[in-house]
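So you know, we letter chains A, B, ... as the sequences are listed, proteins then strands, and number each from 1.
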Amino acid sequence: MFDIFKYEFDREHNSIEIGGEAMIFHCHHYITNIQRTILDADYIDSRPFIIGSAVDSIHNQLTNLCRDLNSIGDKKQMAEEVYKAFGYGLIDLSNMNENGIELSTSKSFFSKTWEMKFGKSARPVDYYTTGYLIACLSVIYNIPLENIHGEQVSCMACGDEINHHSIKIGEANFSIYPAKTQTQFSDAPKVKLNWEFEDKITETFLGAHANFVGDEQGFIRAFGVYIVRNQSDFINRLQFEFIRAMSEVAGDYGVTLGGELLMEAGHACGFFTYGGIMTSNEWKTYVQPYLTKKEDWIYGLLSLINTMGWGYHTAIELTQSRAIFRNYNDFEDMSYLRMYGKSEYPVHWANSGGFTGLMQLVYNTNLIETGKLASEDEFKKMRQSKIGYRTNMKSGISCGDKYLETEVYQLS
Amino acid sequence: MINVKPLLEWVRQNGEAKAVERLLMKSLPELLKFGIKIKLNELENMSEIAIPEELFYKLSKIAEDIVGKKYV
């Protein structure tokens, strides 16, 4: 029923939309990191916005995907297949009725990868699936979100045997957001990569995103990480709501502190996922033959990831000591504009952290020489060092600029 | 008053990436209660950051939770 090949990649804006939602990939390093950062601030009541962010995007998406489906059974099947295809695990909605659902599952991306990354959690971590089920109940049985109550009552990340979510009719216990606007792509002319093989690499990987769908367990294992296809507005709203809350607690200081930690999540993502790509067979076969100097590894990576829906990445300057990266129509700014309008400060923490992770990977590890990616312990040691790259978020589309621009530099 | 710089340096050396920022974020309400905002650039440029003793012990406890070791 759900067929990823139905959804065409937007080559002009380097994006992909499914059921009215912009979609982006993230790896488990990023997702677990960002969620832990938010939960660490336990003086912020984050549960309503974590679930609410998921509900909002999924509700919009399932409404669109189920629009032409007539039976409840078909709608349930669509929702189950989408969940699995996007890499979140497995859910069985057969017991859902107009009163809700008591759902158990042993396949959960969030619970599995949290434990992989951090060990046991003191509290349930699969807020996304609670939100997913709330949205399913609302769309399938046409129940207003205000009348649905959901919670996760057991979690494998806490040591429970199974994840259990309880979705009932009752007062909503999550944030409900106003409708968002259409995507406002920037029409700024792109400065392309100054590299002769860019188009060749991009053409080779165009459409490759469709290969990343959940396996029989509902997981997407690729490049040595678990990835999920996120509703971009879900994951980005988490960042925006978290920073808004940090701002309420401590003003600009809260924004800076929270932003540093969000950027670190992007850094880990850039390091491990880009590193996984650079050590993959696909890279060795289709990209590596065109690489001679270290900078080529960065150009090759940017040419490849421009087919993944994150916007158009390019490098304006690139040396070992300093780089200026741009992204035209980056997913974070596009999200911000859709949901909040103009921003007073740059909001592209994931993109900027990703650029920094890429520089670290190419210039501060021996990946190119050995073909091997540093371990989690080596990454930790590298990040503990004072020697490394710094990140300066120079401009952002949601701030009124034509493109995202980030400077990554070494301290002299 | 106690100099918190050695504690923060210990967290940086023994914790994961951005462990110091994590400590500051988890401790934010306590820091604000004492009217203290430790800026990230101060961590590198200042040799001493004096904070009240009571706050120091609260920070130490959170630091030990983050690092998973006893601070001695």
Answer yes or no: are there more than 12 heavy-atom neighbours, outside A:Glu369 itself, under 6.0 Å from its atom CD? yes
Any residues in residues 23-36 of chain B near chain A, with a heavy-atom distance under 4.5 Å, and which are they? B:Leu24, B:Met25, B:Lys26, B:Leu28, B:Pro29, B:Leu31, B:Leu32
Is the count of non-hydrogen atoms from other residues, nucleotides or ligands lying under 6.0 Å from A:Lys294 atom NZ greater than 12? yes
Could you check whether atom CG of A:Asp252 has more than 12 heavy atoms from other residues, nucleotides or ligands sitting under 6.0 Å from it? no
Chain B: which of A:Asp40, A:Leu261, A:Leu257 shares the most heavy-atom pairs with it under 4.5 Å? A:Asp40
Residue pairs meeting salt bridge (Lys or Arg N to Asp or Glu O under 4.0 Å), one or both in residues 24-35 of chain A, sequence neighbours left out, come to none
For B:Lys37 and A:Ala250, the nearest pair of non-hydrogen atoms, with its separation, is NZ-O, 3.8 Å
For the residue pair A:Glu264 and B:Glu21, establish whether any side-chain heavy-atom pair is separated by less than 4.5 Å. no
Note, B:Arg22 side chain near A:Arg36 side chain (heavy atom, < 4.5 Å): yes
Using only non-hydrogen atoms and a strict under-4.5 angstrom cutoff, which residues of residues 65-72 of chain B touch chain A? none
Chain A contact via B:Ile38 - side chain, backbone, both or neither, heavy atoms under 4.5 Å: both
Using a 6.0 Å cut-off, check whether atom CD of A:Glu248 has over 12 heavy atoms from anything other than its own residue. yes
Output the residues of residues 238-247 of chain A for which the shortest heavy-atom distance to chain B is under 4.5 Å, in residue-number order; output 'none' if no such residue exists. A:Phe242, A:Met246
